[in-house]
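Since the structure is predicted, the reported quantities are computational estimates derived from the model, not experimental observations.
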Amino acid sequence: MKSGAGERGKLGRGVRQDSRRFRLLVIVLGFFLVSLTFVVISKPESILFSLNGKLPAEQEPTPIFIRQKVNSPPSAAAHKASGDALRGDPRVVDDEADVRPKGTKGEEEESRVLSEPDPTSGMTELAHAKDGRKSAAGDGEEESGHGGADGEAAAEEEERGHAAAEAEDKHKVTLPTVSNYTIHDTEDAENAKLADAGTSPSSDQQDQQGSRPLCDFSNFRANVCEMRGDVRVHPNATSVMFMEPAGSRRDEVWKIKPYPRKGDEFCLSHITELTVRSSRVAPECTVYHDVPAVIFSLTGYTGNLFHDFTDVMVPLFTTASEFNGEVQFLITDMALWWTIKYHTVLQKLSKYPIIDFSKDDQVHCFKHVIVGTHAYMEFTIDSAKAPHNVSMVDFNRFMRGAYGLGRDTVAALGEQPRVKPRLLIIKRHRTRMFLNLDEIVAMAEELGFEVVIDEANVSSDISKFARLVNTVDVMMGVHGAGLTNCVFLPQNATLIQIVPWGGLEWVSRTDFGNPAELMGLRYKQYSIGVDESSLTEQYPRDHEIFKNPIAFHKKGFDFIRQTFMDKQNVRLDCKRFRPILLEALDNLNP
């Protein structure tokens with residue numbers, strides 16, 4: 001009995017001892033967690049480094065840091081710019097030419113092609129040097145942030161500040177690259193020597209950005225970020241980081257979708273959002289580039305000929321042409337079929353293989369990065385605001401040069417004996433068709449034109465169609481994306497746009513009239529009458545749609561498209577239209 005009681009006593013003491021150990025362990029763990037929480041809250045940057053001050057390239061850099069920055073209130077100017085109403089942006093009235101090549105991924109419904117901005121809102125593996133970048137070797141030390149402890153005496157704080165400055169200089173990052181697009185030629189040449197020697201550039205060279213904000217959100221149609229200095233692009237983290245030089249107090253975080261349809265929530269919902277921010281913490285470089293970078297998206301409304309140009313081609317030319325091919329393209333939301341279709345143009349703008357943002361896991365280091373593209377009104381370039389004042393005349397010349405088109409300007413009548421002026425009629429098959437095409441051709445031939453009939457859509461062979469367009473003197477068609485091919489016309493050629501019934505004169509001129517004139521073309525606009533519209537077969541002649549078509553615009557763009565675009569064809573009154581062709585002939589007289 002005593003033996004049993006003794007065993008129970010020992011067992012009880014053992015349980016109590018285990019209980020005390022457990023409570024002690026809980027107290028220790030609790031103290032550790034409280035301490036860790038305090039460090040995370042007070043100094044988040046202190047947990048972002050390993051002992052050597054570097055982060056693995058595959059990790060998303062500074063997640064806590066990012067949250068703090070994003071949650072901080074933006075500047076008043078940035079907030080105001082991002083909230084500006086989208087006014088004056090024309091409604092893009094597109095056509096049937098919106099079907100992507102069969103068998104390609106990412107095909108979109110026909111309705112996706114229409115662009116209606118919100119009325120309330122303001123490829124490639126690591127390559128050799130030929131690819132404009134180099135494999136990383138002898139990576140520089142990453143720059144680290146330092147700070148003094150609050151509540152210390154003034155002398156101690158000053159001493160710590162000196163120590164921090166020395167450590168900062170010791171770990172200053174260097175990009176071993178040489179730029180051929182440099183702003184300061186002498187400084188960059190010296191920087192190349194320093195980089196090859198593994199030393200750091202001067203602070204002046206590192207701080208090329210100056211006090212300029214990283215991004216400009218003031219344009220009504222497109223947001224653009226531009227950075228010069230130490231810029232790191234991390235596709236896996238969908239981030240672009242501008243490394244701040246010593247002593248900088250810049251603290252910027254921007255969210256940008258690099259597609260020029262600002263305010264169009266439906267369109268931008270399909271675009272990858274990038275974070276552009278200033279930072280003193282970043283993953284180490286794995287690929288170095290000695291050319292600038294332009295980052296843009298291809299999803300949006302691409303797949304429609306008009307949007308291919310107004311949303312991508314024209315803005316990309318405006319942004320990248322100044323580099324003369326010495327620029328690296330990085331594409332978010334890649335559409336491979338699109339890059340294949342327009343490879344001729346892309347290769348003229350950039351000598352380097354495209355980097356597919358979604359398939360790249362490197363950390364790319366540049367000295368000049370542009371996120372987004374410069375865009376203005378539809379299918380136009382505002383030369384007063386564009387980089388280096390490029391214009392639509394430059395774009396027209398560039399497109400003709402890209403496809404090797406022979407005619408720079410039209411020939412005067414009689415300059416080439418027995419050669420008739422050529423008229424191209426853009427033919428349509430589903431909507432806004434010419435119901436009396438034979439009659440139109442006969443009239444044009446009677447006036448002395450050699451008539452060519454063809455259709456243009458997104459599945460057309462661009463190079464082949466460009467050569468055809470460049471051979472004509474006059475091109476005509478009903479409002480639609482096919483008229484975008486006017487970019488291949490020679491200077492002084494004439495574009496004739498037939499405007500369907502429905503009060504669409506303004507949008508027609510905005511989409512094609514103004515761009516044509518800015519390209520150095522002659523432009524004629526012909527608005528059809530009630531008797532020339534097939535709508536008379538759907539509505540009685542006394543219907544309001546004929547008396548006051550503008551009143552129906554308040555029903556929204558979907559109604560306008562369905563009624564005046566998708567369900568209307570044209571029977572041209574040749575007698576009424578004849579003077580337009582005569583004026584086009586007069587334009588060819590010397």
Check whether [X] reaches the backbone of [Y] with its side chain - one donor and one acceptor, N or O, closer than 3.5 Å.
X	Y	result
Gln497	Ser527	no
Trp501	Gln568	no
Ser350	Leu346	no
Asn470	Arg407	yes
Asp356	Thr332	no
Thr373	Pro315	no
Asn485	Gly482	yes
Asn389	Ser383	yes
Thr563	Ile560	no
Asn219	Tyr376	no

Does any part of the side chain of [Y], heavy atoms only, come nearer than 4.5 Å to the side chain of [X], both counted from C-beta?
X	Y	answer
Thr344	Ile462	no
Thr302	Asp308	yes
Lys420	Glu445	no
Asn569	Arg571	no
Gln562	Lys555	no
Leu504	Phe564	yes
Ile381	Ser391	no
Leu572	Tyr526	yes

Checklist entry - Would Glu446 and Arg578 count as a salt bridge (charged side-chain N to carboxylate O under 4.0 Å, His left out) if you check the C-alpha gap in whole Å, the side-chain angles of each, and the deciding distance to 0.1 Å? => result CA-CA 10 Å; Glu446 180 187 340; Arg578 184 185 181 96; 3.7 Å; yes

Hey, is [X] close enough to [Y] for a salt bridge, meaning N to O under 4.0 Å?
X	Y	value
Arg422	Glu450	yes
Lys351	Glu326	yes
Arg561	Asp558	no
Glu378	Arg261	yes
Arg509	Glu517	yes
Arg522	Asp473	no

Item to check | Test log, rule side chain to side chain donor-acceptor pair (under 3.5 Å), inputs Asp461 and Ser463 | outcome: CA-CA 6 Å; Asp461 183 325; Ser463 180; 4.7 Å; no

Under 30°, 30 to 60°, or over 60°: which ring-plane class applies to [X] and [Y], parallel, tilted or perpendicular?
X	Y	result
Tyr301	His307	tilted
Tyr342	Trp338	tilted
His543	Tyr539	tilted

Next on the checklist: For Leu305 and Phe465: C-alpha separation, side-chain torsions, deciding distance, then whether side-chain contact (heavy atoms from CB on, under 4.5 Å) applies.
Outcome noted: CA-CA 13 Å; Leu305 194 62; Phe465 204 84; over 6 Å; no

Mind checking the [atom1]-[atom2] spacing from [X] to [Y]? Nearest 0.5 Å is all I need.
X	Y	atom1	atom2	result
Ile550	Trp506	CD1	CH2	11.5 Å
Leu349	Phe398	CG	CZ	3.5 Å
Met433	Leu435	CE	CG	6.0 Å
Asp216	Leu214	CG	CG	11.5 Å
Ile295	Ile331	CD1	CD1	11.0 Å
Gln328	Asp290	CD	CG	10.5 Å

Checklist entry - Ring centres of Phe306 and Phe512 under 6.0 Å apart? => result yes

What are the two closest non-hydrogen atoms of [X] and [Y], and how far apart are they?
X	Y	answer
Leu424	Val472	CB-CG1, 3.8 Å
Pro258	Ile256	CD-O, 3.7 Å
Met476	Ile440	CE-CG2, 4.4 Å
Met519	Cys486	CE-SG, 3.5 Å
Leu423	Ala444	CD2-CB, 3.6 Å
Tyr523	Ser508	OH-O, 4.2 Å

Checklist entry - Could you walk me through whether His479 and Met565 pass the side-chain contact (heavy atoms from CB on, under 4.5 Å) check? => result CA-CA 9 Å; His479 174 80; Met565 309 300 291; 3.5 Å; yes

Item to check | Candidates Arg541, Arg576, Lys575 - the one meeting salt bridge (charged side-chain N to carboxylate O under 4.0 Å, His left out) with Asp531 | outcome: Arg541

Checklist entry - Where do Tyr259 and Cys267 land on the side-chain contact (heavy atoms from CB on, under 4.5 Å) test, with the steps shown first? => result CA-CA 9 Å; Tyr259 190 86; Cys267 175; 3.5 Å; yes

Next on the checklist: Applying side chain to side chain donor-acceptor pair (under 3.5 Å) to Thr272 and Asp333, what does each step give before you reach the verdict?
Outcome noted: CA-CA 7 Å; Thr272 298; Asp333 312 295; 2.7 Å; yes

Item to check | Chi angles and distances behind the side-chain contact (heavy atoms from CB on, under 4.5 Å) call for Asp382, Met377 | outcome: CA-CA 8 Å; Asp382 186 340; Met377 294 298 285; over 6 Å; no

